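Proteins get letters first, then strands, A, B, ... in listed order; numbering begins at 1 in each. Predicted model only: the values in this text are computed from it and were never measured.
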There are 2 protein chains.
Amino acid sequence: MTLAEKAYDALRHDIIRGELPPGRPLRLSDLSERYEMGFSPLREALNRLQAERLVTAESLRGFRVAPLSLDELLDAVNVRIRIESDALRASIRSGDDAWAAGIVSALYALNLQVDRTGPDADIWTLEARHYAFHRALLAACNSPWTLEFFERLYAATERYRIPVLLAAAHPAGRDVQGEHGALAEATLARDADKATALLEEHYRRTANHLANVFGMKRPDELIAAG
Amino acid sequence: MTLAEKAYDALRHDIIRGELPPGRPLRLSDLSERYEMGFSPLREALNRLQAERLVTAESLRGFRVAPLSLDELLDAVNVRIRIESDALRASIRSGDDAWAAGIVSALYALNLQVDRTGPDADIWTLEARHYAFHRALLAACNSPWTLEFFERLYAATERYRIPVLLAAAHPAGRDVQGEHGALAEATLARDADKATALLEEHYRRTANHLANVFGMKRPDELIAAG
DNA sequence: ATTCCAAAAATTTTCGAAAATATGTATTGC
DNA sequence: GCAATACATATTTTCGAAAATTTTTGGAAT
């Protein structure tokens with residue numbers, strides 16, 4: 001793996017987790033010290049992340065971590081609902097046994113982690129399994145473009161979820177677990193209408209929670225904009 | 001404008017127009033000579049284009065123009081129909097007079113160019129106005145994420161359309177003009193169902209044509225996959 | 001003829017310094 | 001005191017060369 005690839009992974013990781021907070025200037029000398037490499041691989045990574053909208057760039061004035069905004073969150077959630085609903089329907093239509101087994105497996109692993117407490121309750125493992133579950137639902141949609149957009153939107157919304165998860169220890173953990181279980185159940189039963197309705201509700205609930213914690217009180221826009 | 005930005009624009013331009021054909025290796029020494037700059041700005045541009053899937057990269061083995069495939073075209077068209085239909089509905093719901101005027105203006109300019117013959121029949125002007133028209137339809141959707149995905153998918157499908165446009169001089173030009181007019185009419189009348197139906201038909205017809213010219217005879221998949 | 005290996009060549013990747021630009025600071029003039 | 005300007009510093013951007021890796025070439029062994 002080249003240094004540029006390592007830089008990309010590390011920067012993306014640190015931005016999504018908020019270790020590099022939104023709006024923070026990404027000065028090359030700082031990054032060079034932090035990640036122990038020269039400017040070249042860092043600039044390449046920053047350019048890739050710029051194309052993914054995780055960093056912003058201004059000509060001759062450097063890079064910054066892309067800012068967060070309630071508007072962007074609402075937009076991302078609404079587009080996610082559209083795209084993932086379509087993808088879920090396609091998956092339900094054409095998913096095979098391996099797809100179904102993948103969902104069962106991902107849900108099981110996710111629930112194990114949701115139930116864990118104490119030192120084993122690692123929030124990053126939880127996040128990884130949450131992603132894996134949602135990704136597994138769409139795995140059979142047979143549309144690379146859809147999956148890429150899913151990934152982009154997941155990364156974008158994850159930036160809003162992480163600080164909330166870090167602040168409160170497992171907010172409504174059991175509740176969410178139930179939602180995931182019901183979503184998996186409807187999906188495996190090939191009930192596309194029910195599954196997409198649950199998916200939408202799941203996202204709207206999560207987004208409402210995030211929007212509230214974010215301190216800006218406009219949760220109604222989530223439904224209005226849909 | 002920095003050299004890296006110029007490199008990005010030039011490479012994107014040349015890839016979409018097919019001057020750098022699909023699959024072609026993008027060697028830095030070649031590019032350095034072609035665009036008259038050093039390696040650094042070129043590598044930055046290539047990394048951005050990689051994130052946009054217009055070029056592929058393999059560790060230590062360089063960059064290539066991303067290949068074309070019928071599967072990718074079908075996928076892109078289907079996802080475009082979903083995303084643009086939603087965006088068109090949103091635009092129709094919330095578009096104001098400026099939005100409507102923008103559509104009228106873009107359609108007028110497009111038709112002017114469609115009708116031109118001889119030395120004025122510049123295919124690149126036509127392409128730009130075609131893009132501007134479709135962009136104008138969605139301008140009021142109020143969703144940056146949707147517009148970004150539209151742009152990505154437009155660029156991806158443009159790569160398939162260009163060689164066809166270049167081969168045949170204005171294939172079914174007047175026909176397409178009629179389609180655009182009808183689409184604009186339904187949109188301005190705020191008839192979302194009719195407008196999205198026309199949009200879908202427009203894309204399926206275009207994609208069928210492209211798929212046929214592309215030599216692979218599976219146009220039926222376009223409907224089956226939808 | 002074919003496979004294997006080593007050397008040569010070509011290419012990508014990375015660094016460190018130079019050039020270009022932006023930012024901050026002191027100083028001058030009013 | 002305040003704006004404008006010149007200077008110094010900090011930062012980004014670009015280049016050219018060095019390092020690392022892959023690809024090609026040429027020949028030897030089977």
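For CG of A:Asp97, the number of neighbouring non-hydrogen atoms (other residues, nucleotides, ligands) closer than 6.0 Å is 12 at most.
Separation of the B:His134 and B:Tyr203 ring centroids falls under the 6.0 Å cut-off.
In this structure, B:Tyr154 and B:His130 have tilted ring planes: the angle between them lies in the 30° to 60° band.
In this structure B:Arg64 satisfies the salt bridge (Lys or Arg N to Asp or Glu O under 4.0 Å) test with no other residue, sequence neighbours excluded.
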For nucleotides 9-16 of chain C, 5' to 3', base contacts (B), sugar-phosphate-only contacts (S) and non-contacts (-) with protein non-hydrogen atoms under 4.0 Å give --SBBBB-
Distance-only check: which donor-acceptor pairs under 3.5 Å involve side-chain atoms of residues 39-51 of chain B, not counting sequence neighbours?
{"from": "B:Arg43", "atom 1": "NE", "to": "A:Glu44", "atom 2": "OE2", "distance (Å)": "2.4"}
{"from": "B:Arg43", "atom 1": "NH2", "to": "A:Glu44", "atom 2": "OE1", "distance (Å)": "3.1"}
{"from": "B:Arg43", "atom 1": "NH2", "to": "A:Glu44", "atom 2": "OE2", "distance (Å)": "3.2"}
{"from": "B:Glu44", "atom 1": "OE1", "to": "A:Arg43", "atom 2": "NH2", "distance (Å)": "3.1"}
{"from": "B:Glu44", "atom 1": "OE1", "to": "A:Asn47", "atom 2": "ND2", "distance (Å)": "3.0"}
{"from": "B:Glu44", "atom 1": "OE2", "to": "A:Arg43", "atom 2": "NE", "distance (Å)": "2.4"}
{"from": "B:Glu44", "atom 1": "OE2", "to": "A:Arg43", "atom 2": "NH2", "distance (Å)": "3.2"}
{"from": "B:Asn47", "atom 1": "ND2", "to": "A:Glu44", "atom 2": "OE1", "distance (Å)": "3.0"}
{"from": "B:Asn47", "atom 1": "ND2", "to": "B:Arg43", "atom 2": "O", "distance (Å)": "2.8"}

